[in-house]
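The block underneath contains the structure these notes are about, expressed in structure tokens.
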There are 2 protein chains.
Amino acid sequence: MAKRTRATRPKAVKISDVARLAGVSVATVSRTLARPDVVIEETRTRVLAAVRDTGYTPNISARNLRVRKTMVVLVAVPDIANPFFAEVLQGIDDTLSAAGYGLIIANLAGPPEKEARYVDLVCAGQADGVLLLCGHMMRSPNRDLRDARVPLVAACEYIPHETFPQVTIDNVGTAREAVGHLIQLGHTSIAYLSGPKSNILEQQRLEGYRQALREAGIAADTGLILPGDFTFRTGVEAGRALLALEPAARPTALFAANDEMAIGLIKTVHTAGLQIPDDLSVVGFDGIAYADYCEPTLTTIVQPRRSLGATAAAELIALMTTGTAELRKDIKLPAKLMLRDSTRPPRKSAGHSFRDLRSG
Amino acid sequence: MAKRTRATRPKAVKISDVARLAGVSVATVSRTLARPDVVIEETRTRVLAAVRDTGYTPNISARNLRVRKTMVVLVAVPDIANPFFAEVLQGIDDTLSAAGYGLIIANLAGPPEKEARYVDLVCAGQADGVLLLCGHMMRSPNRDLRDARVPLVAACEYIPHETFPQVTIDNVGTAREAVGHLIQLGHTSIAYLSGPKSNILEQQRLEGYRQALREAGIAADTGLILPGDFTFRTGVEAGRALLALEPAARPTALFAANDEMAIGLIKTVHTAGLQIPDDLSVVGFDGIAYADYCEPTLTTIVQPRRSLGATAAAELIALMTTGTAELRKDIKLPAKLMLRDSTRPPRKSAGHSFRDLRSG
DNA sequence: GATGAAAATGTAATCGATTACATCCGGCGA
DNA sequence: TCGCCGGATGTAATCGATTACATTTTCATC
């Protein structure tokens, strides 16, 4: 007489079915599956046979309800279509799914109410932990993610003033190294193609740029800081801005806060007739796959994308299983400068680093 | 006295707490939240106030256990780092999360036992539906995804001999159109850079290529079919193969089964001194973002990536909620040829389509 | 063979929500 | 006034697994 209002999934084998078939109690079945060593050999084989025959698999909702765990973690990603994050996600996925966790991906590109929905979901206990790749604490109108009393770990983008573990690279130091490479080559007029000012990565990379110039005794010229927002499009715009300058006033090198902008810029100035790297050396940041595909290939800072994800995931697992683990608050992973075809000494220079050329 | 073996999440507000505070029964609270119209105004406001004061959110595991639903769908993706799928995922995510579903992403790049784990997970009732972007039926050693008795929908890659809905583009027809464009321009020696032979998309695109040649009365030259596997690397290799040919024997145009290979090939032959499109016209397939970033920009077939995802998701939702809906088995979405800078009439030709030049 | 500890298994409470069914109450028609 | 109807709410069964505690079995030892 059961009238099915909604689509109902039929007949599921449950633990009591297995128990009946094996001639044991449900407790024994559960134990056989959870801790095989505590049941006697003979019972175990009987139970396992029954499990196989019935095709039993435990109902996860029931288990979760009982043990108060969900075995899923939520990963907040700024933009899933961004290849950089896609690779970080791979690392996360590898580690987490090996440990038996499922992951819900919260793609924050899109309407902001989505973020709120995800926060509520976590607060409702739908996840055992959260991985933030998004550079900010997620909020919903009434709650904060912290209210969820769930372990948090951040990766890639540093979130200031927080106490949970964060897995990042040394953006300041690596940016300094990138610009240092240009200086080594003999460049003294080095532009910076920036990200959105509010972004922490942008702030750190800009700081690295400044430090490198300062160390080399090169005066920072604010006219050489081009606005951008990490997208290809703004790279193109920056390229046009460069072309609009008097040739003599043009920088001989440029450090871009990420690869996408660098590639956009290169494409633009290259089509306009500038030679890369002869007329302009370019260094990017991130090490996305296309940095190695474009023409010329891009010298860039390669971030350990998979490791960033995997490390953060491992840290979160530790946190989730052992409660408050030893909080390694700031975990820095090494990023390295990958030399490719987009950098070279400036034309006028002999190739040595005559740092005081600038003082004219 | 509660000794916490595992990390236990503390104090969760439950429905009975709300009921007590509001001075009503749990049933009333549940009803207030599920069907506000059946409780009287005064009670409703009292309950809602209690909900707000306590910060109550229902325990999803408990609800799922009771109503036998999970509100999550599993999405099987061949490779999450592939920008094409990343965008399809966006469409899926938009639609699904708007409808209140969470999504578990099964990234099939990686060890095959992962696929099995996901199959088991679905069979265990952990998902209400599955979206397959992977071109094959998922399996685990003992089970098939069909055993899960859960709605399935496939998208992007067609899976033959199945009865569930599939959302794809007309690969044969669009490939024919792409090659037709080259023929229109006057090309008669047109190479094909193929995908892996076992892949259905490859088979369909190859078929489209053949049809276009046949219609134009051009004899298919199997020497012009270059092996590839959809990766950038094989595009590079194909480029080298092309360069190794006698200049006179080289095709004047090439159709690549996807953009990534096309870009790899262009980069390779371009660095070697061939002019694109003057010496070689190239058409790609997919319309990934980089097709518009590379130098020259790539003429390609643009797939409606977001719509593919969104449509498939919508179809799955229909299936999940209304049981066996009207099964629109094959849903074809339009893809369009995007003309950019990588195609042009062949050098010798006047630019008109003198199709019978070949018979010379 | 009795004894007790340890090992194996069983019983039943529990997790937190949904919902069929029971109950209560007010109002309306006869 | 009685009885009935229907709307609002309460009671308690239920979903399916885990596990504390109870009970039974095993077995080494004297």
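Chain letters run A, B, ... following the sequence lines, proteins first, then strands; residues in each count from 1.
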Answer whether the closest heavy-atom distance between the side chains of A/Val150 and A/Asp128 falls below 4.5 Å.
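Sidechains of A/Asp128 and A/Val150: no contact.
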Just so I know, are the side chains of B/Lys114 and B/Leu108 near enough to count as touching, which here means a heavy-atom distance under 4.5 Å?
no
All N/O donor-acceptor pairs, side-chain side in residues 12-20 of chain B, below 3.5 Å, sequence neighbours left out:
from, atom 1, to, atom 2, distance (Å)
B/Asp17, OD1, B/Arg20, NH2, 3.4
B/Asp17, OD2, B/Lys14, N, 2.9

On DNA chain D, nearest-nucleotide positions of A/Ser61 versus B/Ser25: which is more 5'?
B/Ser25
Assign each of B/Val24 and B/Val67 to its nearest nucleotide of DNA chain D by heavy atoms, then name whichever residue's nucleotide is nearer the 5' end.
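Residue closer to the 5' terminus by nearest nucleotide: B/Val24.
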So does [X] get a side-chain nitrogen or oxygen closer than 4.0 Å to the phosphate oxygens (OP1/OP2) of [N]?
X: B/Thr28; N: D/dG10; result: yes
X: A/Arg63; N: D/dT18; result: yes
X: B/Arg68; N: D/dG16; result: yes
X: B/Tyr56; N: C/dG16; result: no

For A/Pro78, check side-chain contact (heavy atoms from CB on, under 4.5 Å) against everything at least two apart and list the hits.
A/Phe85, A/Leu133, A/Cys134
Could you list the residues that satisfy salt bridge (Lys or Arg N to Asp or Glu O under 4.0 Å) with [X], not counting sequence neighbours?
X: A/Arg306; value: A/Asp94
X: B/Glu87; value: B/Arg305
X: A/Glu113; value: none
X: A/Arg139; value: A/Asp144

Without decimals, in angstroms, what is the distance between [X] [atom1] and [N] [atom2]?
X: B/Arg20; N: D/dG10; atom1: CZ; atom2: P; value: 14 Å
X: B/Ile60; N: C/dG16; atom1: CD1; atom2: P; value: 13 Å
X: B/Arg66; N: D/dC15; atom1: CZ; atom2: P; value: 7 Å
X: B/Asn64; N: C/dG16; atom1: CG; atom2: C1'; value: 12 Å
X: B/Met71; N: C/dT18; atom1: CE; atom2: C1'; value: 15 Å
X: B/Lys69; N: C/dT19; atom1: NZ; atom2: C1'; value: 16 Å
X: B/Leu65; N: D/dT18; atom1: CG; atom2: P; value: 12 Å

With side chain to side chain donor-acceptor pair (under 3.5 Å) as the rule and sequence neighbours excluded, what pairs involving residues 96-109 of chain B come up?
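For residues 96-109 of chain B: A/Gln90-B/Asn107.
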Going by the side chain to side chain donor-acceptor pair (under 3.5 Å) test, which pairs reach into residues 45-63 of chain B, not counting sequence neighbours?
B/Glu42-B/Arg46
Overall bend of the helix from C/dG1-D/dC30 to C/dA30-D/dT1 (five pairs an end, 10° steps) is 60°
Contact pattern, 5' to 3', of nucleotides 20-27 of chain D - B, S or - by protein heavy atom under 4.0 Å
--------
Where at least one partner belongs to residues 76-85 of chain A, residue pairs that pass salt bridge (charged side-chain N to carboxylate O under 4.0 Å, His left out), sequence neighbours excluded
none
Minimum-distance nucleotide to A/Val26 side chain [options: D/dA13, C/dT11, D/dA17]:
C/dT11
Would a distance-only check, ignoring hydrogens and angles, find a side-chain to backbone donor-acceptor pair under 3.5 Å from A/Thr28 to A/Val24?
no
In residues 34-47 of chain B, what residues come within less than 4.0 Å of DNA chain C, judged by heavy atoms?
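Those residues: none at all.
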